[in-house]
Amino acid sequence: MKCTATIDTRDVEELYINIDPIQAGGRLTVDAQKAAIAYSDGYSVCDNCLKPFRLDYINKPPIAEFHRDCAEWLNMDAVRLVPGARRGFQAVASSIVEKGDPVLLTALSHYTEFVSLEQAGADIHEIPKDEHNHITADNAAARIEEVTREAGKAPSILFVEHVDYQYGNVHEIAEIAKVAHQYDIPVLLNGAYSVGIMPVDGKALGVDFVIGSGHKSMAAPAPSGLVATTSEYADIVFRTTQSVGDITGRTFGIKEVEMMGCTLMGVTVVGLMASFPAVKERVLHWDREVENSNRVVDALCAIEGTQVESDMPREHTLTRINTMDSFDTVAKTHKKKGFFLSQSLKKKGIIGVIPGSTRVWKFNTYGLNEAQISHVCRAFQEIARENDLTVL
Ligand SMILES: Cc1ncc(COP(=O)(O)O)c(C=O)c1O
């Protein structure tokens with residue numbers, strides 16, 4: 001049968017400023033693009049897989065060294081690469097959680113966190129958010145007490161988002177981890193919106209697992225991510241296989257069960273590695289990114305009726321904005337309805353706002369330079385004025 005699917009070249013990044021809430025930290029560096037081409041064959045990194053036969057031991061390209069560097073960078077003891085943050089959640093859940101165990105995640109957890117715990121057969125409970133859309137240590141403590149009372153045993157793990165995907169708020173992780181540890185509950189940090197864009201120190205936060213997403217925040221090809229842990233948990237999460245063939249008597253050496261033997265291959269691993277020097281450098285400039293985020297938010301707030309639903313001032317580049325009393329009032333009579341906003345933005349060279357959204361929506365300014373930030377600020381206000389909204 002003839003395959004009719006064709007892949008068009010994608011020139012979006014060259015032509016437009018992209019403020020899509022989930023894509024900002026995943027854009028590849030030029031080095032990652034070059035590495036992806038050079039290592040495009042499936043088994044390209046496996047040419048020098050010598051004893052011991054496991055991908056994270058390969059020295060050429062320096063994958064083994066990269067694992068060590070990455071652990072040190074996160075101030076954790078061991079790292080493995082995985083195909084996406086979700087596979088990191090899955091590895092931890094399946095090695096720590098027994099079927100029927102109570103577990104805690106939060107009212108701001110991503111669905112992939114739920115799914116990983118569901119797959120492990122967990123009895124899932126949420127920590128509620130407070131009135132400021134924060135997960136707090138007090139709420140975590142109260143929920144641990146409640147769930148322990150109801151289930152007859154303490155939760156076997158607590159998953160918490162460093163920065164949540166709904167508001168882009170930064171949560172009080174060190175305090176939550178301290179509380180959880182008082183009940184001997186290990187803590188998994190979902191760093192999908194932090195690892196690779198802002199400084200993350202696992203030991204300072206006091207967490208037992210750090211999960212990162214390569215394609216979301218580490219300028220890496222999809223699917224990629226990492227799971228980092230402490231020496232206390234490394235042997236559990238990275239346990240090696242005990243399988244023995246009952247006819248052949250075969251054993252499989254040091255292959256790790258949760259990693260399905262070998263970790264990231266080809267384009268994904270070399271892309272992640274090639275961007276790593278730039279990623280390490282860019283997290284040092286997080287203050288500038290936050291400043292830029294606040295500039296755009298301030299420009300939006302100057303449009304009468306606009307409100308920010310995330311923390312103010314912004315501490316992150318992902319922001320949730322409410323334009324029901326500004327852009328949405330235009331949408332009510334505009335011939336293009338709610339699509340006028342994304343279409344007007346596109347005409348001004350900006351993409352990433354979901355077409356049709358004029359009520360509550362999100363954007364991310366990560367990685368934009370000064371000129372692009374100024375242009376985005378100006379564009380929102382011009383669109384407001386063109387549609388007779390008041391700009392203060
Ligand atoms: C907060 C959060 N956690 C986890 C994930 C899943 O990340 P990945 O695609 O790397 O598995 C996402 C993806 O959108 C997310 O927003």
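In each ligand, atom 1 is the first atom listed, and ligand 1 is the first ligand listed. The basis for the numbers below is simple: all heavy atoms, side chains too, and nothing from hydrogens, waters or symmetry mates.
Each of Gly84, Ala85, Arg86, Phe89, His110, Thr112, Tyr165, Asn190, Ala192, Tyr193, Ser213, His215, Lys216 has a non-hydrogen atom positioned under 4.0 Å from some atom of ligand 1.
In this structure, Thr106 OG1 and Ile176 CD1 are separated by 8.0 Å, a value rounded to the nearest 0.5 Å. One distance of note links OG of Ser95 with CD1 of Ile157; it measures 7.5 Å at 0.5 Å rounding.
Of the charged side-chain nitrogens involved, at least one lies within less than 4.0 Å of a carboxylate oxygen, so that Glu370 and Arg295 count as a salt-bridged pair.
Around CE of Met260, the count of heavy atoms belonging to other residues, nucleotides or ligands within 6.0 Å does not exceed 12.
A centroid separation of less than 6.0 Å is found between the aromatic rings of His134 and His171. Proximity of the aromatic rings of Tyr193 and Tyr165 is defined here by a centroid distance below 6.0 angstrom, and this criterion is not met.
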